Protein chains: 2
Amino acid sequence: MTGNAQLSKATKSRTDARPPRGRKRSANSGAGQHALDDEIGLDALAGHAGYAVRRFQIWIFQDFIRTLSAVDIRPTQYSVMTVIGANPGLSQMAVAKRLGIERARLVHLLDSLEQRDLVSRIKSATDRRSHALHLTARGRTALAQFKRLAAEHERHVAEKIGKGNREKLLQILAAFT
Amino acid sequence: MTGNAQLSKATKSRTDARPPRGRKRSANSGAGQHALDDEIGLDALAGHAGYAVRRFQIWIFQDFIRTLSAVDIRPTQYSVMTVIGANPGLSQMAVAKRLGIERARLVHLLDSLEQRDLVSRIKSATDRRSHALHLTARGRTALAQFKRLAAEHERHVAEKIGKGNREKLLQILAAFT
DNA sequence: TATTGTTATACTCTATAACTATA
DNA sequence: TATAGTTATAGAGTATAACAATA
């Protein structure tokens, strides 16, 4: 991402396509008339939850990746390990459905976690089509560390949007988890 | 995405009927022990804003794409057309920075919008390296329709999370837009 | 027949690097 | 030297389809 995700001062949304302050910019004028990003209005975009959510999600994932860069764990890998850790024995289908991940994609995610000796696939005795997923001993130790770093990331979020706002957000979006 | 982002209502029927409240599960049990998604705990994930935000963003983008499918416009295309419409003459760099899009990616986005005669690139007279971006006449008419459909999508969001919650969300995340 | 895990393909998006034409 | 637009590549992530083993 090139853009700055920080506070750009909510420029007023204009319904028509006119420059903010009578500063004239002819229709065919050259590009680059805006010295500051703040001058560029978002228009209807400012009222769309999806736009704000997308920008926020990019920021939050980047902070997560940065905060856990020393252990090389990305958000999806963390989510997979966390549900397996909390629900040992789950099948790949169950994990995929619970987290909204394509089962085809989970195959590759698990391949990489298994190669790092964090997760193991155990052939199910009752249904030989499926695998029971477990953390390895190493995986359990590692996950504990990942959780500490993830909690640190979560503190960054609270600093960024405010403690109360973070809790309100979790409450509003609880139905989607 | 296969997963339903709504409150999963556990449609899955399974031969192996387990008591809903029984929770003892041995560490080496086979896969597929969970009859209902609701039984699969998220553990630490439940406290992570990023997880909820990601699930919500997937839902909201899918609703946007579905609601605007008749006009074949995706969220990023809509955002690009909206800022160009509100700020005619902007350079590609300015649009890219404002929306947090890689300038390399904006090239392809604009190629496709230009091929559909919605946007035009005009050589800047003052800086011949850059292009001044404008909506075409057709683009302006089309954008008005896109905005009506986007407003319909926004009503879906309000229905889903509640009117007040949607406004609270916009307020909390305003700093990221 | 249906499901689980797997492989494969295609398209979107993100992140870089390098090239060109200008400045 | 630096910047705007472009081209190219690589890696995630999403969306499908199809296949083998098993139910």
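Letters go in sequence order (proteins before strands), and every chain restarts at 1. Given the structure is predicted, the values throughout are model-derived calculations rather than measurements.
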Taking dG5(D), dG5(C), dG13(D) as options, the one with an atom nearest any side-chain atom of Val107(B) is dG5(D)

Against the side chain of Ala104(B), the closest entry in dA17(C), dC13(C), dG13(D) is dA17(C)

Contact under 4.0 Å: Gln77(A) side-chain N or O vs dA12(D) OP1/OP2
no

Distance test, side-chain N/O of Gln62(A) to OP1/OP2 of dA15(C), below 4.0 Å:
yes

Using the rule that Ile, Leu, Val, Met, Phe, Trp and Tyr join whenever any side-chain heavy atoms are under 4.5 Å apart, tell me whether Leu170(B) and Ile161(A) fall into a single cluster.
no

Cut-off 3.5 Å, no hydrogens considered: what does the side-chain donor-acceptor table look like for residues 73-81 of chain B, sequence neighbours left out?
unit_1: Gln77(B); atom_1: OE1; unit_2: Arg74(B); atom_2: N; d: 2.9
unit_1: Tyr78(B); atom_1: OH; unit_2: His48(A); atom_2: NE2; d: 3.0
unit_1: Ser79(B); atom_1: OG; unit_2: Thr76(B); atom_2: O; d: 2.8

Protein-nucleic acid N or O pairs under 3.5 Å, nucleotides 21-23 of chain D:
unit_1: dA23(D); atom_1: OP1; unit_2: Arg128(A); atom_2: N; d: 3.0

Checking side chain to side chain contact (heavy atoms under 4.5 Å, CB included) between Asp111(A) and each of Leu113(A), Leu109(A), Val107(A), which is the one that passes?
Val107(A)

Candidate nucleotides dT14(C), dT6(D), dG5(C), ranked by approach to the side chain of Met93(A) - the nearest:
dG5(C)

Run the numbers on Asp63(A) and Lys160(A) for salt bridge (charged side-chain N to carboxylate O under 4.0 Å, His left out), then give the verdict.
CA-CA 11 Å; Asp63(A) 185 86; Lys160(A) 184 76 178 173; over 6 Å; no

Would you say Arg103(B) places a side-chain N or O within less than 4.0 Å of OP1 or OP2 belonging to dA4(D)?
no

Name the orientation class of the two ring planes belonging to Phe56(A) and Trp59(A) (parallel below 30°, tilted from 30 to 60°, perpendicular beyond 60°).
parallel

Looking at Arg121(A), I'd like to know whether one of its side-chain N or O atoms comes within less than 4.0 Å of OP1 or OP2 on dT6(C).
yes

So which nucleotide from dA15(C), dG13(D), dT7(C) ends up closest to the side chain of Thr76(A)?
dG13(D)

Backbone of Gly41(A) reached by a side-chain donor or acceptor of Asn87(B) within 3.5 Å
yes

